[in-house]
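Notes for the one structure printed next.
Reminder, nothing fancy here: chain letters follow the sequence lines and each chain counts from 1. Note that the coordinates shown come from a computational prediction; the quantities given were computed from them, not determined experimentally.
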2 protein chains.
Amino acid sequence: MLCYYISDINPAGPANASVILGAKRMTTTQTMSTSDPLTHDHDQCIARALDEAERLCAQRGVRLTPLRRRVLEEIWQHHEVVKAYDLIHRLSTEDHTVKPPTVYRALEFLLEQGLIHRIESQNGYIGCSHPALAHQCQLLICRGCGQVEELDDPALSEALQREAESHGFRVDQQIVEVRGLCPHCVPAGEEAPAR
Amino acid sequence: MLCYYISDINPAGPANASVILGAKRMTTTQTMSTSDPLTHDHDQCIARALDEAERLCAQRGVRLTPLRRRVLEEIWQHHEVVKAYDLIHRLSTEDHTVKPPTVYRALEFLLEQGLIHRIESQNGYIGCSHPALAHQCQLLICRGCGQVEELDDPALSEALQREAESHGFRVDQQIVEVRGLCPHCVPAGEEAPAR
DNA sequence: ATCAGAAATGTAATAACATAACATTTCGAT
DNA sequence: ATCGAAATGTTATGTTATTACATTTCTGAT
Ligand SMILES: [Zn+2]
Ligand SMILES: [Zn+2]
Ligand SMILES: [Zn+2]
Ligand SMILES: [Zn+2]
């Protein structure tokens, strides 16, 4: 499977179509990267995320059960926000309907282990790009294509932490989400206001 | 009405009880401030917020109808997160049940006019402290008492904006919410991890 | 290998949050 | 007074999440 940056949420115009057709599967060894979503090999992206999850859970002595692994795999199918009820539908078959608590419990586990992030402004979830270490991240959420890029800028999170502390506040968690248009959707969205 | 910083969400121990009893109504002229929630005159806080809303809506040629004003007034009853269904219940009487769309439409108007902020991580709302000018804010949300402090640090919002732009991202809106313990709830919560 | 407790999953019901669609009322300008 | 737009009322339904309890699976001790 290839990861298309321009999703069908935002039907691309002719200008973008050629870009999409230009996407190609890369077979050389490379690092996982969400910064070049048009060209990266997303099969490898998924495989790497699952391997890393297996490794971390083994290391931590927690169980990445088949169900939890399956939910994580579904979340990693693309770089867009995934909703809990999407997962319920995707995991259900004619034989067997998955019920909400099943999915919510798996999500709870994955959140606890830092394998996914919850996107508060969308009631959705996304795979974490750097699950080995706990971190505060900044999420860039494109309203055009729905893709999410995870930033992990310590300078930003530290600045916010300091600001909160300067008001006597003890920080548990930061929620930093930016809504807007990603580089590939800016042309299709609105042009820059300045002229 | 006085604004108690320690709410009944987090039953205060004896150490805090005296602090609560120490809260007093201030009658001197003062600026609205959420930075000293124990001592500020919250009646004046509400009145000022409503006056400001009247003024801004008149200036902008939009209508702060009785319903919208009433919803804003309820949101300003304290400095804690208010939920939409709280408002529905508070506005309903034995004679008349307020339906969800009524409240959600009022909230939509108040959000558009920048008179309230939505707190994404809580599905809740809070009165805006500086509604005259559009701004990106940072919200400090206490898990102890539920109170919310609004920060408006341009250095922070500009830093986040620059970071997003450096990734080619066009920013529409920033969502910055910090969960933790406010100065008055830190003692009652957990002690500092360092020793 | 067997058993007991803990962890995980299954299931039913319901709570909590939000919107769509359409009817009626109110407002403000002519 | 009349008309169109804006606001509100009403019904129904869609979406997200949790509670409570039953059953199954796993793990470690015997
Ligand atoms: Zn990918
Ligand atoms: Zn992450
Ligand atoms: Zn106040
Ligand atoms: Zn504000």
Side-chain angles (χ1 to χ4, degrees), chain A residues 9 53-54 57-58 60-75 80-113 115-126 146 175 177, chain B residues 9 53-54 57-58 60-75 80-113 115-126 146 175 177:
Chain A
I9 287 178
E54 295 278 13
C57 288
R60 294 170 186 169
V62 296
R63 295 171 55 205
L64 187 64
T65 61
L67 176 65
R68 291 165 174 175
R69 190 181 200 283
R70 180 92 175 75
V71 169
L72 183 59
E73 187 180 14
E74 281 303 325
I75 290 173
E80 294 168 23
V81 176
V82 179
K83 306 299 207 82
Y85 275 73
D86 287 348
L87 294 168
I88 289 171
H89 295 138
R90 289 198 224 160
L91 265 56
S92 292
T93 62
E94 290 192 358
D95 298 0
H96 181 67
T97 306
V98 169
K99 311 295 192 310
T102 302
V103 162
Y104 280 103
R105 283 189 288 230
L107 291 170
E108 185 182 27
F109 171 85
L110 297 171
L111 286 169
E112 281 168 359
Q113 296 302 320
L115 297 169
I116 61 174
H117 293 293
R118 176 170 163 82
I119 300 181
E120 299 290 348
S121 64
Q122 315 261 321
N123 298 324
Y125 306 86
I126 192 90
I175 294 149
E177 299 174 11
Chain B
I9 287 179
E54 294 279 12
C57 288
R60 294 168 185 170
V62 296
R63 294 172 54 208
L64 187 64
T65 61
L67 175 65
R68 290 163 173 177
R69 191 181 199 283
R70 181 91 174 76
V71 169
L72 183 60
E73 186 181 14
E74 281 302 326
I75 291 174
E80 294 168 23
V81 176
V82 179
K83 307 299 209 82
Y85 276 71
D86 287 348
L87 294 168
I88 290 171
H89 295 138
R90 289 198 224 160
L91 266 56
S92 292
T93 62
E94 290 191 0
D95 298 359
H96 181 66
T97 306
V98 169
K99 311 296 190 309
T102 301
V103 163
Y104 279 104
R105 281 190 289 231
L107 290 171
E108 184 181 28
F109 171 86
L110 296 171
L111 284 170
E112 281 168 358
Q113 296 303 319
L115 297 170
I116 60 174
H117 293 293
R118 175 170 164 82
I119 299 182
E120 298 290 347
S121 64
Q122 315 262 324
N123 297 324
Y125 306 85
I126 193 90
I175 293 148
E177 300 174 11

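- OP1 or OP2 of D:dT8 has not a single side-chain nitrogen or oxygen of B:R105 nearer than 4.0 Å.
- Rounded to a whole Å, the NE2 atom of A:H96 is 16 Å from the P atom of D:dT23.
- Checking the phosphate oxygens (OP1, OP2) of C:dA18, a side-chain nitrogen or oxygen of B:Y104 falls inside 4.0 Å.
- Looking at B:T93 and B:H96, their side chains come closer than 4.5 Å, going by heavy atoms from C-beta outward.
- At a threshold of 4.5 Å between non-hydrogen side-chain atoms, the residues B:F109 and B:V62 count as touching.
- Proximity of A:N123 to the phosphate of D:dT15: no side-chain N or O atom is located under 4.0 Å from OP1 or OP2.
- Put simply, the side chain of A:Q113 reaches to within 4.5 Å of the side chain of A:R60, judged on heavy atoms.
- Side-chain nitrogen and oxygen atoms of B:T102 include none within less than 4.0 Å of the OP1 or OP2 phosphate oxygen of D:dT10.
- For B:K83 and C:dA16, the shortest distance from a side-chain N or O to OP1 or OP2 is not below 4.0 Å.
- Under the 3.5 Å distance criterion, the side-chain polar atoms of B:E177 are matched with a main-chain donor or acceptor of B:S121.
- If you take CG of B:L67 and P of D:dT10, they are 12 Å apart, rounded to a whole angstrom.
- When the P atom of C:dA7 is taken as reference, atom CD of A:E112 falls 12 Å away, rounded to whole Å.
- Atom CZ in A:R69 sits about 14 Å away from atom P in C:dT9, given to the nearest Å.
- Two residues are said to be in side-chain contact when any heavy atoms from C-beta on lie closer than 4.5 Å; B:V82 and B:I119 fail this criterion.
- The separation between B:L107 atom CG and D:dT8 atom P is 12 Å, rounded to whole Å.
- Residue B:K99 places no side-chain N or O under 4.0 Å from the OP1 or OP2 atom of D:dG9.
- The side chain of B:T65 places an N or O atom within less than 4.0 Å of a non-bridging phosphate oxygen (OP1 or OP2) of D:dT8.
- Side-chain proximity of A:P101 to the nucleotides C:dA12, D:dT11, C:dG10 is greatest for C:dA12.
- Which of D:dA6, D:dT8, C:dA12 sits closest to the side chain of B:R63 comes down to D:dA6.
- Atom CD1 in A:I88 sits roughly 10 Å away from atom C1' in D:dT15 (whole-Å rounding).
- Separating the CG atom of B:L91 from the P atom of D:dT10 is a distance of 14 Å, rounded to the nearest angstrom.
- Between B:L91 and B:L67, the closest side-chain pair of non-hydrogen atoms falls below 4.5 Å.
- Toward the 5' end of DNA chain C, the nearer of the two residues B:Q122 and A:T97, judged by each one's closest nucleotide, is A:T97.
- Distances shorter than 4.0 Å separate none of the side-chain N or O atoms of B:Y85 from OP1 or OP2 on C:dA16.
- Note: CD (A:E120) to P (C:dA18) measures 12 Å, nearest angstrom.
- OP1 and OP2 of D:dT16 both lie 4.0 Å or more from every side-chain N or O belonging to A:R118.
- Listed nucleotides: C:dA18, D:dA17, D:dG9. Nearest to the side chain of B:Y125: C:dA18.
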